[in-house]
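Each chain gets a letter, A, B and so on, in the order its sequence line appears, and its residues count up from 1.
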Amino acid sequence: MEQISITFPDGSKRQFARGSTGLQIAESISKGLAREALAVEVDGEVWDLSRSINADAAIRLLKWADDGGKYAFWHSSAHLMAEAVESLYPGTKFGIGPPIENGFYYDIDMGDHSLTAEDLVRIEERMRTLAARDVPYVRAVKTWDEAVGYFRKKDDPYKLELLDGLKGETITFYQQGEFTDLCYGPHIPSTGRIKAIKLLNVAGAYWRGSEKNKMLQRIYGVTFPNQKELDEHLFRLEEARRRDHRKLGQELEIFLITPAVGGGLPLWMPKGTVVRESLIDFLRDEQKKRGYEFVTTPHIANLNLYRTSGHYPYYKDSQFPPIEMPEGEKFLLKPMNCPHHHQIYLAKPRSYRDLPVRLAEFGTVYRYEQSGEMNGLIRVRGFTQDDAHIYCTHEQLKREITSTVELTQLVFLTFGMDVRIRLSYRDDKNVEKYGGDVAFWVQAQREIKEVADEMKLDYFVGIGEASFYGPKIDFMVRDALGRTWQLGTVQVDYVMPERFQLEYTASDGKKHRPVIIHRAPFGSLERFIGILIEHFAGEFPLWLAPVHAVILPVTDAAKDYASAVARDYRAAGLRVEVDDRNEKIGYKIREWETKKVPFMLVVGEKELASGTVAVRQHKKGDLGAVTKEAFRDRLLDLIRTKALTA
RNA sequence: GCUGGCGUAGCUCAGCUGGUAGAGCAGCUGACUUGUAAUCAGCAGGUCGACGGUUCGAUUCCGCCCGCCAGCUCCA
């Protein structure tokens, strides 16, 4: 029999009969591997284990631990769910059902029927029954006509629409049990691999993601090869909900959003304001060290300012409507700070000797987000940017980008947050979305990429993610529920200098255009704090904690001592409270634990006599007594160094 | 904005098929003077999201609106 050469990930090669399948190869290595393998990567493409390999290839057997294995597993689970839905609700039309980061979904059209929680339970139970049959997923190559014929007969308009876009391509069907789907695969060997199933929720989703199309029902689910992993996954989801900044923000009295003021317009309570101002102080100091000058600008501006910048026609729909005066003059609640800053740049002639000019402001802006978009502090209608605009010469540009990226990295490092970096480019297929000359774009995109490469940033590229005036380096963070959000941003702008006719006099005595860098390390203070609350689960590092320590006198006899310690600590700049309520010490401790205050200082007769405090750390318990001065200095030290853990 | 779900005291929640509401915690008052995650007793607290309708009677049924949640779309 003819042989082919298979190369394994470790570089070793072995001969197999032509037409061997991934499963056969796995079996030849070990039974255990064959049992665990879900799919096989053949020359970089993921295949079914049952597919014949007919030529020399480099392969990698994919198991649950591999992303490719998980994706095949969840993709197959989506098909299993579709089979369950079809058997329970005949006539259901199917859209698409892909694997996603944490599970899978299927978009379905059930006509008038809205799925309920009870329906999900039924579908889930049916899936278990269907999985237990342990039937194979069978791949079949079809002609386009055969495929169309099948779905015409089945009367599934969505699949027919998908087929319209697949003329001339290889069309494959996958069938398991009673269900056949148009699908490029790959799939796992059989339904029996799916041991643990949970359907999570159902939500609306437009067909093909377009608002103009019909809204289908999307069922989200997740499956695992064993119950233990499902339980762990559900536990993590629960943990994420526990960290939800909206819940913690209320419990810890950080912020308030009330319909009395308006959706998306958070009010900062005293404790939240401490967090907010600590962040502002931190960044203001870092910026002063780096040559930024602070400015302050008003919250509204003449509408014409935004006509000049180009924001007004571009983003009319996401702005609050203009304020029109009786005399006809119109003002806009500012959606961004840059035009104001440009006016300050323009206020006097600039020489190359003055550049870079770095103008910074914690500036509050207002954007009319769609009502369904608001989300706690993370997506709001009024928010404060840690904004700055750097006006520099072209020669200075890369160095300034580098230093702003470094500042942003310092910020995230300070909080121990993992960020992903995205180079946000424009989408060349959708050019009307962007302003300015194409040549500027090409240049700006090249420059940010050069900086990213020189700094050895680990980045990915996002096409179509640029702002309308320039490409960006964006810093993205994941929230407690796994959604990713843009926080910090560094943007290169050649458009606004033209629009505002910004100039400087160069050494040649001629006028030149500066380049602008827009940058905001936090992005929005609101969003940043929302993410911070979830990141720390409400347990802020000491320097951000609204209350550093609470002093708990055991009895009235220690009250005066507690007050004296508090006075001394406050004089040193610490945020301390005294809880001298007439309650047992255990009661007070429990209460302050729930408030996540980092330290409790228990003081009774012993401490009074010895000038000490008995330190109890949040979640760690009793640490024993130390002198009140020693502990005060320790707190000051933790704050000064912005320690993440005490 | 769209689809679906939800809306009962400050918070967490109970209230079967319609007969004008209840618990725990928090709050207040009093007693207890307390040593590392809940001392005891009493009191007070709600136009059951809003407005219409059906009904002898609506927290409960219907409609509309508002708000919240999930997802979609959007995000300078």
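Within the 4.0 angstrom heavy-atom criterion, no nucleotide atom of any strand lies near Q617(A). Among the protein residues, I585(A) comes within range of the sugar-phosphate backbone only, with heavy atoms under 4.0 Å from sugar or phosphate atoms but none that close to a base. Residue S318(A) is in base contact, counting any heavy-atom pair closer than 4.0 Å across all strands shown. The residue A557(A) sits apart from the nucleic acid: no heavy atom pair falls under 4.0 Å. In this structure, Q250(A) reaches the sugar-phosphate backbone alone: every heavy-atom distance under 4.0 Å involves primed, P, OP1 or OP2 atoms, never a base. Nucleic acid contact class of Q486(A) (heavy atoms, under 4.0 Å, all strands): none. Across all strands shown, E251(A) has no heavy atoms under 4.0 Å from either base or sugar-phosphate atoms.
Put simply, CG on D107(A) is 15 Å from P on G4(B), counting in whole angstrom units. H113(A) places its NE2 atom 14 Å from the C1' atom of G5(B), with the value rounded to the nearest Å. Distance, L256(A) CG to C11(B) P: 11 Å, rounded to whole Å. If you take CE of M110(A) and C1' of U3(B), they are 15 Å apart, rounded to a whole angstrom.
The pair E238(A)-R241(A) counts as a salt bridge, with a side-chain nitrogen and a carboxylate oxygen less than 4.0 angstrom apart.
Among the nucleotides A76(B), A37(B), U33(B), the one closest to any side-chain atom of T555(A) is U33(B). Residue E593(A) places its side chain closer to A37(B) than to any other of A37(B), A76(B), G35(B). With A37(B), U39(B), A76(B) as the candidates, the nucleotide lying closest to the side chain of M336(A) is A76(B).
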Test salt bridge (charged side-chain N to carboxylate O under 4.0 Å, His left out) applied to R379(A) and E373(A), step by step:
CA-CA 7 Å; R379(A) 194 81 183 268; E373(A) 291 311 329; 3.5 Å; yes
Hey, mind stepping through V85(A) and Y106(A) against side-chain contact (heavy atoms from CB on, under 4.5 Å) and telling me if it holds?
CA-CA 10 Å; V85(A) 168; Y106(A) 218 118; over 6 Å; no
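If you run ring-ring contact (aromatic ring centres under 6.0 Å, His included) between Y434(A) and each of Y469(A), W441(A), F468(A), only W441(A) comes through.
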Which letters describe nucleotides 59-73 of chain B, given B = protein heavy atom under 4.0 Å from base, S = only from sugar-phosphate, - = neither?
----------SSBBB
I'd like a table of atom pairs between the protein and nucleotides 23-28 of chain B - only N or O on both sides, under 3.5 Å - with the distance next to each one.
unit_1 : atom_1 : unit_2  : atom_2 : d
A26(B) : OP1    : Y587(A) : OH     : 2.9

